[in-house]
Each structure stands twice: as C-alpha cells, then as structure tokens.
Amino acid sequence: MKLLYIIGIWGYTLLIRIFSLFNPKAKLFITGRKNIFTSIAQKVNPAKKHVWFHFASLGEFEQGRPVLEKLKALYPTKKIVVTFFSPSGYEIRKNYALADVFYLPIDTAANAQRFIAAINPEMAIFTKYEFWHFYFKELKAKSIPLYVISGIFRESQVFFKWYGSFYRNILKSVTYFFVQNEESANLLKSIGLNHVTISGDTRFDRVYENAQSPKQLDIIDSFIGSAPTLVCGSTWPEDEKILSALPRQYPNWKFIIAPHEIHENHLESIEKQFSVGSVRFSVFSSQSEVSSAQHSNPKSQILIIDNIGMLSSLYQYGKLAYIGGGFGIGIHNTLEAAAFGLPVIFGPKYDKFQEAKDLIAIGAARSITSTEELIDAFNAFASDRHAANTARKYVEDKKGATGQIVSVITKPDQP
C-alpha cells in the first residue's frame, strides 16, 4: 500500500505538470514549488522554533485562522510558518502578516525530512483534513506534537475500511484530534484512537469575529442604496443559470454575484446569462467621474464581483444569501452569511456539511433543485425576520472551539 501511495503522489504530480501547460491554476501549483527550499532558507531561521500551520486551501485557512491568531496574541514572539497545498490559498494569503507563507513541498520522504529540518517546528497544526504519510511519519519520529483541529470524519472514508490499515497508521501519528462532532469522535475511537475531543468547528469563531467588525465597503453601499439585496456567494454556472430568473421578477432588489471563478470567460457568461443591466465591480468602482448622486443610484441591478477576497465582507449588505456549489461537488461556506443574520439558499449537494443540515432543521436555510423552488424559497425568506435571527443565533451558540483548542495545545504537558 505504501508503494501505491508513492506512485499516486508522483502520478498526481505528473498530471498537474501536464495540466500546467494550459491551466493557470495548475501552473501556479508547479511554479510555486520551484526553488521552494531556497525560499524557505531565505526567510526561516532553522535555529529558532516555529509553530507550523498547514492548510489545504483558503477555506481551511479561514477555518484555522482563529487558532493561529489566538496563539500569536498570547505569544507574540512565537515564529509561525504557514503552508498551503492549493494555489487558491497560497496566492491570496502569501503576504499574511503573522507568518512566513509557503507552498507545501510534495509529500516524499526526502521533502518531509528536509522541510521539517528547515522550519524546526515545536508543533504542527493541520486544519480539518490532509493527512500526509511522510510528513506525519517524520513529525512522529522527531517527537513533534501534531494536532488536527476542526477535524471531521465519515464512515465512508478509507481510514475505516478493512483495507485501510496504511491510512489508519497515518492517523496514528497525530498527537491529538479536535473534532467537530460526536460521529467523528466515535469513528476515531472505533479504530483505537482515543486522544480526541469534540471541540466543535473553529469556523464559527472566525465568521462570528468577522461579523462583529466587518470591513466597510462604501462602494457597495453606493451600489445598493436602500434596496434589499441578495448576495450570491461562490457561484458556479449551474447556480447562475437558476439565479438568472430572479432579477426580472424582483426589479426592486439588487443582486451581488461573487463567482467562485473569475476568469474572463466565466465573467462574460454571467453577463450574458443576466439579460437585465449588470456591471462589474472593477468598472463600477473606477467610475470616478460619475457624480456621487448618480453613483448612489446606479442603473445596474446586478453587481458582478470580479476579484477575490471580498465575499466575507459582502454579506453585511445583504438581506438574503445564495451559496453556490450545490449543483456540483458541494456547497461553499454558509456560515459567513449566517453570521450576519442572512437566511441562506443553496443547491442539493449539501449532505457533507453539518451546518447546512442544521440551518435547514432550524428554518434558516433551504435547499433547492429548480427555479421554481428558488423563487419559493426567496419569497419565504424575503420578509422572515425570524429566520434571520435564527441564523445569527446559530453561529453565536456554536462559537468557542478556538479557546478550547488553544488551552490544550499550550499546556506544558501535552495530551
């Protein structure tokens, strides 16, 4: 099985190299790892201890960020190294002020030994998932504590299959698991891993903090004026096809669309999909010659966000939210919207997301499969303040995982 793992790692890398010839994201994956150890040596002093945080991508970074920032606040002199697997995380957070940020070298025995020697970690913290055999093995060999935070496990995963012994051994390198729910804890215990606590999901802490002091965007205020607004976050073409029916039926509403991918073809597709007036954020915000009176009452009904990084601040301007991805591999982050008291609507692929199930159960979310169901959900939530308050309270009641995690990992006697 170890040989198959190694072949899989190299096979994946080869495929990425091939795709990098014509796919910009794959190209970043490859070029970002060139001369990676030279870059690390220029920024990181191996004579000093570091706390190593690893994140698969941007979503996991935002999930684990409260723990990182809490640690830094308690111990401001601690050096922190952050690694990303995906370009979508690294490219957005590469200049993060509290840490030195790098791509994670591909998981090989040589890379793991070299990387861990280069950053000299006093502990390693992985958020939610990503379990790398050689990195975990090297951490265990060096007696470096390894924590998984906001972990979530399902019975269908290979760890819990009769043929999954190799992958179960990867998990045995983890010092302590902080998991989101009882199911995850029970699954780990069923394979003999008892060093586990149900601490909840640190995303609740992150989205709650964001909702308390969001970044103010005057340009969004000027676009929506006093109109009620639907914020559509991380949308894909399948979402946009269904959403395109709304603007004509609700001419008094404004619509903000923040697509998951912002390449030119996708942006042009959105503009064609919505036949009523739309404007890109970059165009609207650059209209410096337009008077403030005109700017506060724009003719366009739809604002298309053509940059990355604004979405978490956009929800403060909404009355409702639509979360994309539910007609593909799965919905994106519903909690950012719920934290601002927005009822949420999304497609049918939400079964892997406990918070989505919870929000539906308490009447603060609806899953839809058609335009008709979207309109029905939109009408139901448009004037439902109870749903809005319920969404906000759900987030407030679930926060607190960060403090629990930090109180454990900072103890002199590790669990």
Side-chain angles (χ1 to χ4, degrees), residues 1-44 52-62 64 81-96 99-119 121 124 126-139 157-159 164 166-167 169-170 173 234 236-237 259-269 307-309 325 328-330 332:
M1 186 61 76
K2 179 180 176 181
L3 179 60
L4 289 176
Y5 179 86
I6 294 170
I7 293 171
I9 291 291
W10 285 111
Y12 179 84
T13 305
L14 177 61
L15 284 174
I16 292 293
R17 287 187 180 279
I18 294 171
F19 277 107
S20 71
L21 299 175
F22 52 86
N23 182 287
K25 188 173 181 179
K27 185 176 181 179
L28 286 171
F29 183 97
I30 298 299
T31 58
R33 287 172 166 82
K34 284 184 178 179
N35 303 314
I36 182 66
F37 287 105
T38 300
S39 178
I40 292 170
Q42 291 171 346
K43 296 181 179 180
V44 178
W52 173 26
F53 282 84
H54 174 70
F55 307 105
S57 191
L58 183 61
E60 289 73 35
F61 172 81
E62 294 300 330
V81 168
V82 163
T83 55
F84 285 100
F85 182 75
S86 167
S88 59
Y90 174 83
E91 294 300 326
I92 293 174
R93 296 302 180 198
K94 59 187 175 184
N95 296 317
Y96 181 56
D100 291 312
V101 183
F102 307 99
Y103 279 102
L104 181 70
I106 298 300
D107 186 34
T108 67
N111 280 349
Q113 292 169 10
R114 190 176 178 185
F115 177 80
I116 289 171
I119 70 167
F126 279 50
T127 297
K128 192 175 182 179
Y129 50 55
E130 289 221 343
F131 306 99
W132 298 112
H133 169 73
F134 291 108
Y135 281 107
F136 281 28
K137 181 181 178 181
E138 184 67 11
L139 288 167
Q157 290 174 306
V158 67
F159 311 114
F166 173 79
Y167 294 95
N169 284 331
I170 295 177
S173 295
S234 299
W236 292 79
H260 184 69
E261 300 282 355
I262 59 168
H263 55 77
E264 185 61 26
N265 288 343
H266 191 193
L267 295 174
E268 290 179 359
S269 172
N307 62 65
I308 298 294
I329 60 173
H332 293 281

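In this text, all values refer to a predicted model and were calculated from it rather than measured experimentally.
Panel note: side chain D100, backbone I40; no donor-acceptor pair is recorded below 3.5 Å. Judged by distance alone, with hydrogens and angles left aside, the side-chain atoms of T13 form a donor-acceptor pair with the main-chain N or O of I9 at under 3.5 Å. A donor-acceptor pair under 3.5 Å is absent between the side-chain atoms of N35 and the main chain of T38, judged by distance alone. Using modelled atom types, no side-chain atom of S57 and backbone atom of G59 make a donor-acceptor pair closer than 3.5 Å.
For the atom pair NZ of K27 and CZ of R17, the computed distance is 13.0 Å after rounding to the nearest 0.5 Å. If you take CZ on F166 and CG on L4, they are separated by 9.0 Å, rounding to the nearest 0.5 Å. Taken to the nearest 0.5 Å, the OG1 atom of T83 stands 7.0 Å off from the CD1 atom of I119. With values rounded to the nearest 0.5 angstrom, I170 atom CD1 is found 8.0 Å from D107 atom CG. Within the model, atoms OG1 of T108 and CD1 of I6 stand 9.0 Å from one another, a figure rounded to the nearest 0.5 Å. Atom CD1 of residue I106 and atom CZ of residue F29 lie 4.0 Å apart, to the nearest 0.5 angstrom.
Salt bridge annotation for K25-E91: absent, with no cationic side-chain nitrogen under 4.0 angstrom from a carboxylate oxygen.
Under the 4.5 Å side-chain criterion, counting only non-hydrogen atoms from C-beta, M1 is in contact with Y167. Looking at L139 and P121, their side chains come closer than 4.5 Å, going by heavy atoms from C-beta outward. Looking at heavy atoms from C-beta onward, F102 lies in side-chain contact with S39 at the 4.5 angstrom threshold. In this structure, Y135 and N111 have side chains that are in contact, with non-hydrogen atoms separated by less than 4.5 Å.
Evaluated for a ring pair (Phe, Tyr, Trp, His ring centres under 6.0 Å) with F131, the options F126, F159, F85 yield exactly one hit, F159. The only option from F53, F61, F84, F55 that meets the ring pair (Phe, Tyr, Trp, His ring centres under 6.0 Å) definition with Y96 turns out to be F61.
In terms of heavy-atom proximity, I262 sits nearest to N307 at CD1-CA, 3.8 Å. Scanning both residues, G64 and T127, for their nearest heavy atoms gives CA-OG1, 3.7 Å. E261 approaches H266 most closely through the heavy-atom pair O-ND1, 2.7 Å.
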Pair Y103-L28, side chain to side chain contact (heavy atoms under 4.5 Å, CB included): steps then yes or no | CA-CA 10 Å; Y103 279 102; L28 286 171; 4.0 Å; yes
Verify side chain to side chain contact (heavy atoms under 4.5 Å, CB included) between F134 and Y5, making sure each step is shown before the conclusion.
-> CA-CA 10 Å; F134 291 108; Y5 179 86; 4.2 Å; yes
How far apart are the C-alpha atoms of L104 and H54, what are their side-chain angles, what is the distance that settles it, and do they pass the side chain to side chain contact (heavy atoms under 4.5 Å, CB included) test?
-> CA-CA 8 Å; L104 181 70; H54 174 70; 3.5 Å; yes
Side chain to side chain contact (heavy atoms under 4.5 Å, CB included) assessment of H332 paired with W236 = CA-CA 11 Å; H332 293 281; W236 292 79; 2.9 Å; yes
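Around the CG atom of L14, the shell of radius 6.0 Å holds more than 12 heavy atoms that belong to other residues, nucleotides or ligands.
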